[in-house]
Amino acid sequence: MVSLFTASTNKIINRLADKSIRADKRRNLFIMTTIAFAACLIMVLALIVYGGTYQINQFYRGRFQAVVSIAEPEQIAALAGDEKIEQAGLTLTMRFKALQMGKERLHVTYYDETAFRMSSFELIQGRLPEAETEIAIPASYLEKKGIEAVLGQTVSLDLGQNVPSTYTVCGLIRDEGAGYTYEVLVSQVLLKSYFSGVKIPYAVMIRMAGSEDMEADELKQDILACMGKYGFDEADIRFSSSYFITYENVSTDRATTLGIGILIMIACSVVIYSLFYISVTGKVKEYGRLRVVGITQKQMKRLIQKESRKMSFVSIPLGIVCGCIIGYLILPGGWYWPNTVKFAVLTVFVMVITVRLSIRRPVRIAMSVSPVEAVRITTADTVKQGDAKKLRRRLTPRSLAKINFSRNRKRTVLTLFSLGFTGILLMCAAAVMQSVDPEAMAHRNLKEREFIVYLSPEEDMLTSWASTYDRLQQNNPLSQDFIAKLTEEVQLRDLKSIRSCQANLFFPGNDDVDYGHTWEIVGLSRDYLESHQDALLSGTLDYDELVENQGIIIDDDGNMLKTYEHYEATVGDSVQIENDEGKKVPFQVMATVHWEDRLYGGCFIFVPEDLLPVIKAGTTNFSSLLAFNSGLEDISQADDIVYEICGANPDLEVGSIVEASAAYEHGLKEYMRRIYAIVVFISIFALINLSNTLMTGLVARQQELGMLRSIGLSNKQLAEMLRLEAFHYVLVTMAITLTVGTAAGYIFCRIFNQVGVFGEMQYTFPLLPVLAFFAALAVIALGYSVLAVRYCEKRTLSEYVKGMA
Amino acid sequence: MHILQTKNLKKYYGEEPNIIRAVDDVDLSVNKGEFVAIVGNSGSGKSTLLHMIGGLDVPTSGSVVVREKELSQMKDEELSIFRRRNIGFVFQNYNLVPILNVYENIVLPVELDGATVDQNFMDEVVHVLGLEEKLKSMPNNLSGGQQQRVAIARALITKPAIVLADEPTGNLDSKSSADVLGLLKLSGEKFSQTIVMITHDWDIAILADRIVRLQDGRIIG
């Protein structure tokens, strides 16, 4: 309840607050800019993150959640009629291996209208193929191939018939063309012709009804239960990774938003606190006069709170409106009114709390001002109590700058805190970003080499994957001749190879089931086993013992077997491996290991190489992957040659450092853009703070500077003093950035390295970002000294001296 | 010998018919070692005259010659250097630099000039002004009278051609005023220092060797 006294004094407090705001335009501009900027930032951040989620949700609203393999026609019809299923669409990837067209790979797929809608595709022009000779293809692919991307264009392709045919482009698909992989859509007529006389193994894309608000696990269970009714088991169902990863990303994004929001609030609070603190301490005399005429401590408190409220009243809505405009311009598809209103209310709440907390201490200082301050000639702000420790110091513009820099420690510390905070943040972000090496990430995925070439047979719908693979290995293209050719053409060196086969495995517990999952079984040499004894977790790695007892070695550090086979490797267990004659051969788990070797990343089951022929008697060359470097100086040239050599063989797949690095770099750039945007936002707060500190110092010291000039401080000396004063902030910020920032950046890199988010990181000092930051600070310092001298010159010395009286 | 001479010195503000003639055709000569008091009421133009004599303000017309140098002929930088070597100021509000101690405040003009402090002269000035015990003190710990004594010491330390004192006792009580004036006069005599002081107080002015009366920007006696 407002007391009568409070109500009656409200008017005068209001008027005083208004007068104060009008009298100190520069400070108010800084404060209002800071509040508006912070409100704008929070709003933009919320709109982008939640707008992005909203957009993704909208995008996935009609998208498929799972694909069911090889559905019977009657099953398809039943699925389409099930009211629990919102949509069901037919699809089929015609060739399970992509069509290699030079460096580019084309996936040949059929989608009916529903499946096309449920996928992430979009036609820029035209329609889906209907006739046998029609295709829909990405415009970017055609452009890459130097073909004009227009409807009616003819393209010669081998879409599985082993002879190239001419197709007419009836639809152009939207594709940014960032990678080498593209989708070519074909008609159902072509599909029927291709599978002539054979049942077409359609897959069905499904989307459950009422699934928008379901949790990921709940939805998966729902899909499994629903599909179970139609005779599909877990093995027949593939969940859409993009759909379910989105679920996980949303929660990660929310946590990131909260983190960044808190950072913005801290940065904003420091600046607002600092601005009010500087303002209040600079107005001690004025407040003293108010105390003299009878203002109470409570009224003083109300006065400053009123000032802050009045400024917030203008700047928070301004910031929110700006934030809405920016947010909309960045992500128009994410605009959703209920969200916007919710965030606007939240931003108001957060900003009001931030401002209120920020001014607490300045309010207390103002309340404690005593009336005697009104008659003091110098304010407490500039007073050093007690005697000086030293009788004399050298007095030059340089030393005066240093003395001025430290005259108000608290203000200086506050400014340096926000500048240092920015510097540290920048160092952490930049160090992590610069230490990520896209090439190293690519190397890691390419078995620490520049190229990998591996067997990748085209899957035949009617033959098991293991048999298809066996057939290829029995006539293995990764021959000595092939290696010799690579040696000759790209100066192949540092060759590492994997010798392995593919076979169905029956783990304990499911050995009675007819159908086993296919796993890669890697053969290891005697030397390898002898030199990697330290990787042994249990059992033995004795080569002869393993051969003698038909032993297998399991490395399930990634819990793949646990997840997919529900099997936990234990020495002594019997695992049955189906040989190339279809017979189950019993093997014994004789060792569990954890190899550190990247060559075998993604491999889980190992045997001594002498046991490979026991599994695949018909195979003589077990090479499945070659990893190598090229001796050619120009890696792009080597890349072209390797693709040319391997492109001739449809059963070989190539991975190259050029392609992989480019892909990682593309992703990294995107990431860096976001991180630096946040650092730039935070740094704006610090720069506002620095500008305010410098300008306030200048304005408050006008008389002093006038006096110094009157006793002979020349304009050159004045400029030098002001410039050096500003550069003290730059230098200390540089010192904080280079010491604490570097240490923090290094620690962050170590942490990220251990977590492994960005692969192996080699700490790299972020020279360019740091130089850019220092340059920005130096520009402000220089700009300040130029402006400050001009500002001082605006009035004659006489005017300053008159002001002293 | 004239150490200071003004000729037809004018300072006008605004334009006819609202022109304000703050200083109007002032001819003033001051000899070396002379202690001159310029007396006038508030608004008589005495401060403006003092500022032009000290090179702090630019005249509308006329000239100020200090030690045979015409101030209006000097460029800004040159004038700053000339000022710190030849003119000492004592202001009503003392205007000491709050972050420097007494010693540093006194030697500031010398050090800004890159020169070395004449320690014997420094000791003498400090002794005459009774500041020996206060050299390490910060200005805020001094009384008004003490602060003004520091300001006088600062004005004297460069052995300037002329010391300009702008109502040096304006903020002091009567006892401190008497002390400060006595010390100002004593210093002037001891160091043969030319002093021009402005005041509105006749009781103070009579301590000077010569009194110049100013009214409406003109010398009237």
Side-chain angles (χ1 to χ4, degrees), chain A residues 375-409 700-701 703-721 789 792-793 795-805, chain B residues 11 47-48 50-52 54-58 76-89 91-114 117 134-141 144 147 151 154-155 158 160 164 166-167 170-171:
Chain A
V375 290
R376 278 203 184 143
I377 285 163
T378 45
T379 65
D381 179 40
T382 52
V383 173
K384 184 173 177 178
Q385 298 296 331
D387 287 353
K389 281 179 194 153
K390 276 187 185 172
L391 176 63
R392 59 167 307 182
R393 294 164 284 191
R394 212 176 127 69
L395 297 175
T396 57
R398 185 183 294 253
S399 63
L400 284 174
K402 196 175 163 191
I403 295 167
N404 276 328
F405 173 71
S406 51
R407 71 191 292 171
N408 187 331
R409 293 233 164 101
R701 287 187 295 138
Q703 288 185 5
E704 189 182 310
L705 294 176
M707 185 273 297
L708 282 170
R709 287 168 72 204
S710 70
I711 63 164
L713 185 80
S714 70
N715 277 357
K716 261 189 196 166
Q717 288 177 316
L718 176 70
E720 189 186 351
M721 184 181 86
V789 171
C792 289
E793 282 172 350
R795 293 161 72 194
T796 64
L797 269 178
S798 177
E799 286 174 292
Y800 289 119
V801 171
K802 277 175 193 163
M804 294 179 200
Chain B
K11 181 72 184 182
S47 285
T48 309
L50 192 85
H51 291 163
M52 287 192 291
L56 301 178
D57 207 351
V58 186
D76 205 40
E77 192 71 11
E78 196 185 347
L79 183 60
S80 291
I81 295 167
F82 181 82
R83 201 164 44 225
R84 75 182 172 216
R85 289 178 185 167
N86 294 286
I87 302 169
F89 286 96
F91 297 107
Q92 184 179 345
N93 270 353
Y94 339 127
N95 285 299
L96 303 178
V97 181
I99 48 169
L100 303 179
N101 64 24
V102 167
Y103 183 94
E104 289 166 334
N105 263 290
I106 295 172
V107 301
L108 184 60
V110 181
E111 301 239 336
L112 284 176
D113 203 31
V117 177
K134 298 289 176 187
L135 289 178
K136 275 182 147 185
S137 301
M138 298 307 283
N140 206 54
N141 299 329
Q147 289 195 52
R154 184 178 68 187
T158 53
L164 302 176
D166 186 355
E167 303 265 14
N171 276 330

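None of the values given here were measured: they were computed from a predicted structure. Chain identifiers are assigned alphabetically (A, B, ...) following the order of the sequence lines, protein sequences preceding nucleic acid strands; residue numbering begins at 1 within each chain.
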_The criterion is side-chain contact (heavy atoms from CB on, under 4.5 Å); which residues satisfy it with K402(A), sequence neighbours excluded?_
H728(A)
*asked:* Let's test your reading of the structure: which of D113(B), I87(B), V107(B), L100(B) forms the most heavy-atom pairs below 4.5 Å with chain A?
replied: L100(B)
*Which pair of heavy atoms, one from N105(B) and one from P139(B), lies closest together, and at what distance?*
ND2-CG, 3.7 Å
*Does the side chain of V117(B) come within less than 4.5 Å of I106(B)'s, by heavy atoms?*
no
_Tell me every residue that passes salt bridge (Lys or Arg N to Asp or Glu O under 4.0 Å) with E720(A), counting only those two or more places apart in sequence or in another chain._
none
*Against chain A, work out which of S80(B), P160(B), G144(B) has the most heavy-atom pairs shorter than 4.5 Å and name it.*
S80(B)
*Is chain A contacted by the side chain of R85(B), its backbone, both, or neither, given a heavy-atom distance below 4.5 Å?*
neither
